[in-house]
Amino acid sequence: MYRLQKEGFDAYLVGGCVRDLLLGREPKDFDVVTNADPDQVRRVFRNCRLIGRRFRLAHVHFGREIIEVATFRGAGEEQSDKQVLNKEGRLLRDNVYGAIEEDVWRRDFTVNALYYNIKDFSVVDYVGGMADHKAGVIRLIGDPDMRFREDPVRMLRAVRFAVKLGFNLDPECEKAIHNDAQLLASIPSARLYDEAIKLFLFGYALQTFEMLRHYGLFQVLFPATENSLAVEDSGFPRLLLVKALENSDNRIAEGKTVTAYFLLAAFLWEPVRMLAKEKMAQGEVEFIAYQDAASEIIARQIRSTALPRHISMAMREVWSMQPKFNARTGSKPSRLIGHPRFRAAYDFLVLRAETGGADPELAEWWTTYQNASDNEQRKMTQPPRSKKSGRKRSYSRKGKDSTPKTEP
Ligand code: ATP
Ligand code: MG
């Protein structure tokens, strides 16, 4: 910011970092906004790269840090709001540059539209953002319905910020979400995937899930999951997902990592299980039924949110390893434990066991097995009352015919 200022430009901090700093929290990242256009920014910084399709931005690299530097967006709001579904129109409009007084109206919520000015260390507030910040209110700038039509992803952002900050949605904003939730379905699935990740991997997944359901947004993101929650038998389906979300939040609180595929596997497990059950009732073999169900549920899900290939593959692996935990004799356990996805699949088994979907004794056995010495492991996997030759024969036969291969 000082560099930009030295070159004669204005520079402000804006968005999440100002909002979070005002709460005494450490911002996730810093967004800078300036009246220099992207090419001018590039000339000021050697370590700078221009990016972005919907909105051209400069990324300024400082060692391993990247600071996003945007140019003030131009106005033309009246007109642009009438071009809601015209994507090309939107793209053009987003790359129209302007002044701070215009830029502010393009932002989503009042608390996201505070500018910190390094010239005099003041916060510039055109939209009552400070008052809303104090009151803890997420309020859209302008007419809520119009702003959601302009970009339906703002509905997800409203929920994400409300949960993250412990703020409430302004009643007008709530009302508009109830009316407009279905508009989300028109957003490209790749962008919805990115948003879904932000919603569920930042440490408040359970609360976010509840709030998204409350506003009818969850069903747009995960329709199959929503359906499976509706037919909840003896309370189990919901438990697994809730527990997975809770565990994930706890891990983040402890500074541990969480993976998207594990959580997504939990989201879609119940739909997969239900569909597999149907297929088995029609005579399919268990293993094939699960494979087919997994393919079908993933194919349906990607109509809502994209799933990168490595993610859907990992999800399938976690699912397809579940039946394999039942084989506790011979060399199968030691082979399973060597699988790169073993740890995740085991965690998933524990999750199922904790929520009534698998035998807790089975999960305990695998806990013990993992921590046992080689010698103890050999003892654990010996078939009861078996003769050496018998064990060998039965193992090699099974190994050939019925060992399910992991999904490619
Ligand atoms: P965080 O980074 O903590 O998730 P943030 O508010 O910084 O939250 P970003 O996605 O980094 O969110 O966006 C930075 C700022 O850009 C926002 O605060 C907002 O002013 C503006 N902005 C981002 N996305 C939109 C959008 N879809 N519509 C309008 N304004 C947006
Ligand atoms: Mg940000």
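Here, residue 1 is the first one in the sequence, and each next residue gets the next number. For ligands, and for the atoms within them, numbers begin at 1 and follow the listed sequence.
- Among the atoms of R147, none of the N or O lies under 3.5 angstrom from an N or O of ligand 1.
- Residue contacts with ligand 1, taken as heavy atom pairs separated by less than 4.0 Å, involve N112 via backbone and side-chain atoms alike.
- Not a single heavy atom of F109 lies less than 4.0 angstrom from ligand 1.
- For atom 2 (O) of ligand 1, the choice among R19, K28, R25, R157 with the nearest heavy atom turns out to be K28.
- Between Y116 and F121, the ring planes lie tilted relative to each other; the angle falls in the 30° to 60° range.
- For the pair G16 and ligand 1, the shortest N or O to N or O distance falls below 3.5 Å.
- Proximity of D29 to ligand 1, defined as any heavy-atom pair under 4.0 Å, is confined to the side chain (atoms from C-beta onward).
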Query raised in the report: Can you list the steps and then say if F209 with F218 is a ring pair (Phe, Tyr, Trp, His ring centres under 6.0 Å)?
Result: CA-CA 7 Å; F209 166 74; F218 185 76; 5.0 Å; yes
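- Annotation for ligand 1: atoms under 4.0 Å from non-hydrogen atoms of R106 are 29 (C), 30 (N).
- Relative ring orientation between F202 and Y204 is described as tilted, the plane-to-plane angle lying within the 30° to 60° band.
- Every atom of ligand 1 with a heavy atom of G15 under 4.0 Å away is listed here by number and element: 18 (O).
- Remark: the D120 side chain and the S122 side chain contain an N/O donor-acceptor pair separated by less than 3.5 Å.
- Within the 4.0 Å heavy-atom criterion, the part of R154 lying near ligand 1 is the side chain and not the backbone.
- Looking only at atom types and distance, the side chain of R316 has a donor-acceptor partner in the side chain of S295 under 3.5 Å away.
- Residue contacts with ligand 1 leave out E68, since none of its heavy atoms falls under 4.0 Å from the ligand.
- Heavy-atom neighbours of R49 CZ from other residues, nucleotides or ligands within 6.0 Å: at or below the threshold of 12.
- Residue K164 places a heavy atom less than 4.0 Å from ligand 1.
- Which parts of ligand 1 touch R160 is read off a 4.0 Å heavy-atom cut-off, strictly below it: atoms 4 (O).
- Assignment of D151 to the shell around ligand 1 is supported, since a heavy atom sits closer than 4.0 Å.
- Remark: the T305 side chain and the Q301 side chain contain an N/O donor-acceptor pair separated by less than 3.5 Å.
- Among the atoms of D29, an N, O or S atom falls under 2.8 Å of the Mg ion (ligand 2).
- Only side-chain heavy atoms of D31 come within less than 4.0 Å of ligand 1; its backbone N, CA, C and O stay farther off.
- Geometric assessment of R19 against the ring of F167 yields a negative cation-pi assignment under the 6.0 Å and 45° thresholds.
- Ring pair Y115/Y12 is perpendicular by interplanar angle, where above 60° counts as perpendicular and below 30° as parallel.
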